[in-house]
Student: 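Provided herewith is a single structure, encoded as structure tokens, for subsequent inquiry.
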Amino acid sequence: MPELPEVEVTRRQLEPLVVGRRIARVFTTRPSYFFLTPPAALRRSLPGRRVEALERVGKYLVARLDSGERLLLHLGMTGQIFGAGIPGVRLLSSSAGASLTPEEQQQAFRPDRHTHLRLRFDDRGPDLFFRDARKFGKVQLMRPGEPSPRLERLGPDALTARGKHILEGARTRRAPIKSLLLDQSLLAGVGNIYADEALFLARVRPTRPGRRVSRDECNRLASAIRRVLRRSIATGGSSISDYVQPDGGAGAYQDERRVYGREGEACPRCRATIRRKVIGQRSAHYCPRCQK
DNA sequence: AGACTAACCTGAAAGC
DNA sequence: TGCTTTCAGGTTAGTC
């Protein structure tokens, strides 16, 4: 679900909510695929730590703690992070949307069986909730100075990457360019929606082998990726099924999609019918006429 | 190295 | 109505 824009919107809303606060207590669900660090260790280690910064690396959120530790969070496909008790907050859980009454808010924020992590702070302010129905999300606590293979694997951040970064990665590869754009070690932050949208803007067909994408096209792709990601951040991200902002609001970028999820509809540029094709186990959406 | 598959989970929507 | 199938914004381990 969440790609770079959704993670960045989450980071921006969460930052003022958590930075400077000291964790008092931690609630978790049972050990599972979701916890890279055992939940018992989180409950034991986190209390007493103060959050000093909240950063984003690709699709990861990284909370820096005053102990020198780092708490890594990944939203996976259905992850949702939100605060409770924030005045004026709306809910962020599924299909969220508009305004909820205070009662509905309480309902919405009540932890359920999918709320795997809950942080309580020593100032008695709002708790932080991390829920994830499918558990593809991740939580990991890194000790001071401990290297993180997950973060070190990542390529340049997609928000600032240039055409040459794509060209370097694509030049020798036979895989479809769409698959390469999804490869986080090549470019960090692009996911299925924005890969399709950027390929459309750059007029490059997703099936094209990487080695056959020209320098000019790589420049167009990098430019399209930056543009699409920036615009999505500005509109609050894409809320298509699960994604909600930490204040419960929904993003609006889904209304600006040109091809993603629009199989059978008319291409906004040439009116040809948008096609869907499975590439690397993910659906790709493209215009068969204007994407060469 | 790189390309491809299966697997990790749950829930909503579509199909019959 | 109810059962079955399909699909989903992600990543990783294993295989050739």
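Residue numbering restarts at 1 for every chain, and letters A, B, ... go by the order of the sequence lines.
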Student: Closest to the A/R113 side chain: B/dC9, B/dG11, C/dT11?
Tutor: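 So the side chain of A/R113 is nearest to B/dG11.
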
Student: Name the nucleic acid region contacted by A/R211, choosing base, sugar-phosphate or nothing; use a 4.0 angstrom heavy-atom cut-off, strictly under.
Tutor: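 No contact.
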
Student: Could you tell me how far apart A/E3 (CD) and C/dG10 (P) are, to the nearest whole angstrom?
Tutor: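 After rounding, the gap between these two atoms is 5 Å.
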
Student: Among C/dC7, C/dT11, B/dT10, which nucleotide sits nearest the side chain of A/R134?
Tutor: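 Nearest to the side-chain atoms of A/R134, counting from C-beta on, is B/dT10.
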
Student: At less than 4.0 Å, is any side-chain N or O atom of A/R171 found next to OP1 or OP2 of B/dG2? Yes or no.
Tutor: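 So the side chain of A/R171 is outside the cut-off, no N or O lying under 4.0 Å from OP1 or OP2 of B/dG2.
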
Student: Does the Lys NZ or Arg CZ of A/R21 fall within the cation-pi geometry relative to A/F121 - under 6.0 Å from the ring centre and within 45° of the axis?
Tutor: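 Flagged: A/R21 positioned over aromatic ring of A/F121.
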
Student: Of the listed nucleotides (B/dG2, B/dC4, B/dT5), which one gets closest to any side-chain atom of A/P176?
Tutor: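 Of all the options, the side chain of A/P176 is nearest to B/dC4.
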
Student: Answer yes if the side chains of A/N192 and A/K178 hold a donor-acceptor pair under 3.5 Å, and no otherwise.
Tutor: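 Checked: A/N192/A/K178 side chains pair up, N/O donor to acceptor below 3.5 Å.
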
Student: Any side-chain N or O of A/K138 below 4.0 angstrom from OP1/OP2 of C/dT11?
Tutor: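 Answer is no, no contact under 4.0 Å.
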
Student: Compute the ring centroids of A/F130 and A/F27, then answer whether they are less than 6.0 Å apart.
Tutor: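 Ring centroids of A/F130 and A/F27 are no less than 6.0 Å from each other.
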
Student: How close or far is atom C1' of C/dT11 from atom CG of A/L154, stated in whole angstroms?
Tutor: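 Distance check: A/L154 CG to C/dT11 C1' gives 11 Å.
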
Student: So does A/R174 get a side-chain nitrogen or oxygen closer than 4.0 Å to the phosphate oxygens (OP1/OP2) of B/dC4?
Tutor: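 No, outside the criterion.
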
Student: Could you tell me how far apart A/L182 (CG) and C/dT11 (P) are, to the nearest whole angstrom?
Tutor: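 The answer, rounded to whole Å, is 9 Å.
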
Student: Does OP1 or OP2 of C/dT12 have a side-chain N or O of A/R150 closer than 4.0 Å?
Tutor: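 Yes, A/R150 has a side-chain N/O under 4.0 Å of OP1/OP2 on C/dT12.
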
Student: Can you tell me if the side-chain N/O atoms of A/S283 get under 4.0 Å from OP1 or OP2 in C/dA8?
Tutor: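 It does, given that an N or O in the side chain of A/S283 lies less than 4.0 Å from OP1 or OP2 of C/dA8.
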
Student: Any cation-pi pair here, A/K135 with A/F35, using under 6.0 Å and within 45°?
Tutor: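 No; the conditions do not both hold, so A/K135 does not lie above the ring face of A/F35.
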
Student: Does a side-chain N or O from A/H74 land closer than 4.0 Å to OP1 or OP2 of C/dG10, or not?
Tutor: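 A/H74 to C/dG10 OP1/OP2: no side-chain N or O under 4.0 Å.
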
Student: Taking donor-acceptor contacts at under 3.5 Å, does the side chain of A/R173 reach the base of B/dA3?
Tutor: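 A donor-acceptor contact between them is absent.
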
Student: Between A/T28 and A/R43, is any side-chain donor less than 3.5 angstrom from a side-chain acceptor?
Tutor: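 Per modelled atom types, A/T28 and A/R43 side chains form a pair under 3.5 Å.
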
Student: Closer than 4.0 Å, any side-chain N/O of A/H114 to the OP1 or OP2 of B/dG11?
Tutor: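 Answer yes for this pair, as a side-chain N or O of A/H114 is under 4.0 Å from OP1 or OP2.
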
Student: Which atom pair, heavy atoms only, marks the closest approach of A/L151 to A/R70?
Tutor: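 Minimum heavy-atom contact is CD1-NH1, 4.0 Å.
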
Student: Is the shortest side-chain N/O distance from A/Q184 to OP1 or OP2 of C/dT11 below 4.0 Å?
Tutor: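 For C/dT11, OP1 or OP2 has a side-chain N or O of A/Q184 closer than 4.0 Å.
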
Student: Using atom P of each nucleotide, how far apart are B/dC9 and C/dT4 to the nearest Å?
Tutor: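 To the nearest whole Å, 22 Å.
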
Student: Starting at CD1 of A/I279 and ending at P of B/dT5, how long is that distance when rounded to a whole Å?
Tutor: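 Roughly 13 Å, once rounded to whole Å.
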
Student: Assign A/Y260 to base, sugar-phosphate, or nothing according to its heavy-atom contacts below 4.0 angstrom with the strands shown.
Tutor: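 Sugar-phosphate contact only - A/Y260 comes under 4.0 Å of backbone atoms but never of a base.
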
Student: Using whole Å, report how far CG of A/L180 lies from C1' of B/dC4.
Tutor: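 In whole Å, B/dC4 C1' and A/L180 CG are 13 Å from each other.
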
Student: Determine, using ring centers only, whether A/Y194 and A/Y253 are less than 6.0 Å apart.
Tutor: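 Yes, the ring centres sit under 6.0 Å apart.
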
Student: Checking base pairs now: Watson-Crick or wobble, both atom distances under 3.5 Å. What partners B/dC16?
Tutor: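 Partner of B/dC16: C/dG2.
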
Student: Taking the nucleotide of DNA chain B with the closest heavy atom to each, which residue, A/T172 or A/G280, is nearer the 5' end?
Tutor: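 Result of the comparison: A/T172.
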
Student: For the side chain of A/A133, counting heavy atoms from C-beta on, which of B/dC8, B/dG11, C/dT11 is nearest?
Tutor: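 Comparing B/dC8, B/dG11, C/dT11 against the side chain of A/A133, the answer is B/dG11.
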
Student: Choosing from B/dG11, C/dA8, B/dC9, which nucleotide comes nearest the side chain of A/K135?
Tutor: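 Closest of the options to the side chain of A/K135: B/dC9.
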
Student: Would you mind reading off the distance between A/I240 atom CD1 and B/dG11 atom C1', rounded to a whole angstrom?
Tutor: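 Distance, rounded to whole Å: 17 Å.
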
Student: Quick test of the criterion, 5.5 Å between centres and less than 30° between planes. Is A/F136 stacked on C/dT11 or not?
Tutor: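 Answer is no, no stack.
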
Student: Starting from C1' on B/dA3, measure out to CG on A/L186 and report it in whole angstrom.
Tutor: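 One finds 14 Å between C1' of B/dA3 and CG of A/L186, rounded.
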
Student: In whole Å, I'd like the distance from the CZ atom of A/R276 to the C1' atom of B/dA14.
Tutor: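 That distance rounds to 13 Å.
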
